[in-house]
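Report on one structure; see the data block that follows.
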Amino acid sequence: MQKYHTLKGLLAVSVVATLLNAASVQAQAPASGAQPATANQSGSGARLSAGDQHALKDMAQANINEIAAAKMALNKAQSSNVKAFAQKMVDDHSAALTKVQTVAQQKGVTLPTEPDSQHKTLAARLEKQRGSAFDKLYMENAGTQDHQRVLSTLKKDASKITDPDVKALAEAHTPVVEQHLKSAQDMAM
């Protein structure tokens, strides 16, 4: 058990480091002198395509949904493994959401601020569950199904993204979502 928690801790640190590194590279890109005029213009929401705005909103919505479900799991889960998974979701998705919000603010894009209707319905279903039934429902929905759906959306959106900042976010999110999905599948209840 101790080894499992140590591995999860190391995984969490490596994911956060990867996300921070991607953000650092992204932050340095506009200062490269090669595009000073376009760097100033890229802060404008008018320069962001509808597809790129949609991709930003998708990323924000996915993070908001995961954070809300994971916070509920922290309070209601019976299994310590499910609670550890939920804490990782809160940590990773909160960090990712902050990055998405930063880019959206720079680009003038308004993001969602609460879970979507599908996840509000899931929250109501989760609220009615207790013990291992809660753990199973949470891991099947927020753990596996949501991460499968988000990964599919990320890949579809990423192929169409034209803005380099939004593309960097999508590229940074993808391996994290893949790891979350693998962890959820490995914990299948």
Side-chain angles (χ1 to χ4, degrees), residues 11-30 39 41-73 85-123 138-139 141-185:
L11 179 61
V13 168
S14 67
V15 167
V16 170
T18 300
L19 289 173
L20 291 175
N21 187 33
S24 173
V25 169
Q26 171 187 341
Q28 292 172 3
Q41 292 173 351
S42 71
S44 166
R47 297 230 349 116
L48 207 55
S49 72
D52 289 357
Q53 290 182 39
H54 181 75
L56 266 179
K57 290 176 183 181
D58 282 348
M59 286 185 267
Q61 190 67 68
N63 286 309
I64 290 166
N65 295 340
E66 283 298 324
I67 293 165
K71 284 182 176 179
M72 184 181 293
F85 178 84
Q87 185 61 59
K88 181 162 181 48
M89 297 306 100
V90 169
D91 296 345
D92 290 356
H93 287 284
S94 293
L97 179 59
T98 298
K99 290 176 178 66
V100 172
Q101 289 169 329
T102 299
V103 171
Q105 183 177 16
Q106 292 169 351
K107 306 292 180 177
V109 176
T110 302
L111 299 175
T113 58
E114 61 183 30
D116 60 24
S117 61
Q118 178 183 359
H119 288 85
K120 287 178 182 178
T121 300
L122 173 61
Y138 169 72
M139 290 306 299
N141 286 274
T144 303
Q145 292 175 11
D146 276 357
H147 283 95
Q148 287 171 334
R149 191 176 312 111
V150 168
L151 186 57
S152 174
T153 301
L154 260 176
K155 287 180 176 181
K156 181 183 70 165
D157 286 351
S159 69
K160 300 173 188 171
I161 294 171
T162 57
D163 182 86
D165 296 332
V166 179
K167 191 163 199 66
L169 277 176
E171 289 172 353
H173 276 65
T174 300
V176 176
V177 173
E178 288 171 335
Q179 182 56 50
H180 290 175
L181 175 58
K182 182 178 180 337
S183 295
Q185 290 169 332

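Everything quoted here is computed from the prediction, not taken from an experiment. Because only heavy atoms are used, hydrogens play no part in the values below, and waters and symmetry mates are left out as well, while side chains stay in.
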Original post:
Which pair of non-hydrogen atoms, one from Pro115 and one from Ile64, has the smallest distance, and what is that distance?
Top reply: N-CG2, 3.4 Å
Subject >> Within-4.5 Å side-chain heavy-atom neighbours: Thr144 and Leu181 >> reply: yes
Original post:
Partners of Val177 by side-chain contact (heavy atoms from CB on, under 4.5 Å), sequence neighbours excluded?
Top reply: His147, Val150, Leu151, Leu154
**OP:** Using atom types as modelled and distance alone, determine if a side-chain donor or acceptor of Ser183 lies under 3.5 Å from a backbone N or O of Gln179.
**Re:** yes
Original post:
Do His173 side-chain atoms and Leu169 backbone N/O form a donor-acceptor pair below 3.5 Å?
Top reply: yes
Subject >> Stepwise side chain to side chain contact (heavy atoms under 4.5 Å, CB included) check, Met59 with His54 >> reply: CA-CA 9 Å; Met59 286 185 267; His54 181 75; over 6 Å; no
Original post:
If you measure from CD on Gln61 to CD on Glu114, what distance do you get to the nearest 0.5 Å?
Top reply: 8.5 Å
Subject >> From Asn63, Asp92, Thr102, residue fulfilling side chain to side chain contact (heavy atoms under 4.5 Å, CB included) relative to Leu97 >> reply: Asn63
Original post:
Are the side chain of Asn65 and the backbone of Asp116 linked by a donor-acceptor contact shorter than 3.5 Å?
Top reply: yes
Subject >> Greater than 12 external heavy atoms within 6.0 Å of Lys120's NZ >> reply: yes
**OP:** Any chance you could measure Asp165, atom CG, to Lys99, atom NZ, to the nearest 0.5 Å?
**Re:** 14.0 Å
**OP:** Under the side chain to side chain contact (heavy atoms under 4.5 Å, CB included) rule, what do His119 and Asn141 come out as? Steps first, then yes or no, please.
**Re:** CA-CA 10 Å; His119 288 85; Asn141 286 274; over 6 Å; no
Subject >> Smallest separation among heavy atoms of Pro175 and Ala172, with atom names >> reply: CD-O, 3.5 Å
Subject >> CG on Leu56 to CD on Gln101, rounded to 0.5 Å >> reply: 11.0 Å
Original post:
Okay, side chain of Ser159, backbone of Lys156: is any donor-acceptor separation there less than 3.5 Å?
Top reply: yes
**OP:** For residues Leu122 and Ala142, report the shortest heavy-atom separation together with the two atoms involved.
**Re:** CD2-N, 4.4 Å
**OP:** Using the side chain to side chain donor-acceptor pair (under 3.5 Å) rule, pick out the option among His93, Gln185, Glu66, Lys88 that qualifies with His180.
**Re:** His93
Original post:
So, do Val109 and Asp52 sit near enough that their side-chain heavy atoms are less than 4.5 Å apart?
Top reply: no
Subject >> From Gln53 atom CD to Leu111 atom CG, the distance as rounded to the nearest 0.5 Å >> reply: 10.0 Å
**OP:** Decide yes or no for Lys71 and Gln87: does some side-chain heavy atom of the first lie under 4.5 Å from some side-chain heavy atom of the second?
**Re:** no
**OP:** Would you kindly say whether Asp163 and Ser49 are connected by a side-chain donor-acceptor distance under 3.5 Å?
**Re:** no
Original post:
Is a donor on one side and an acceptor on the other found under 3.5 Å between the side chain of Lys57 and the backbone of Pro112?
Top reply: no
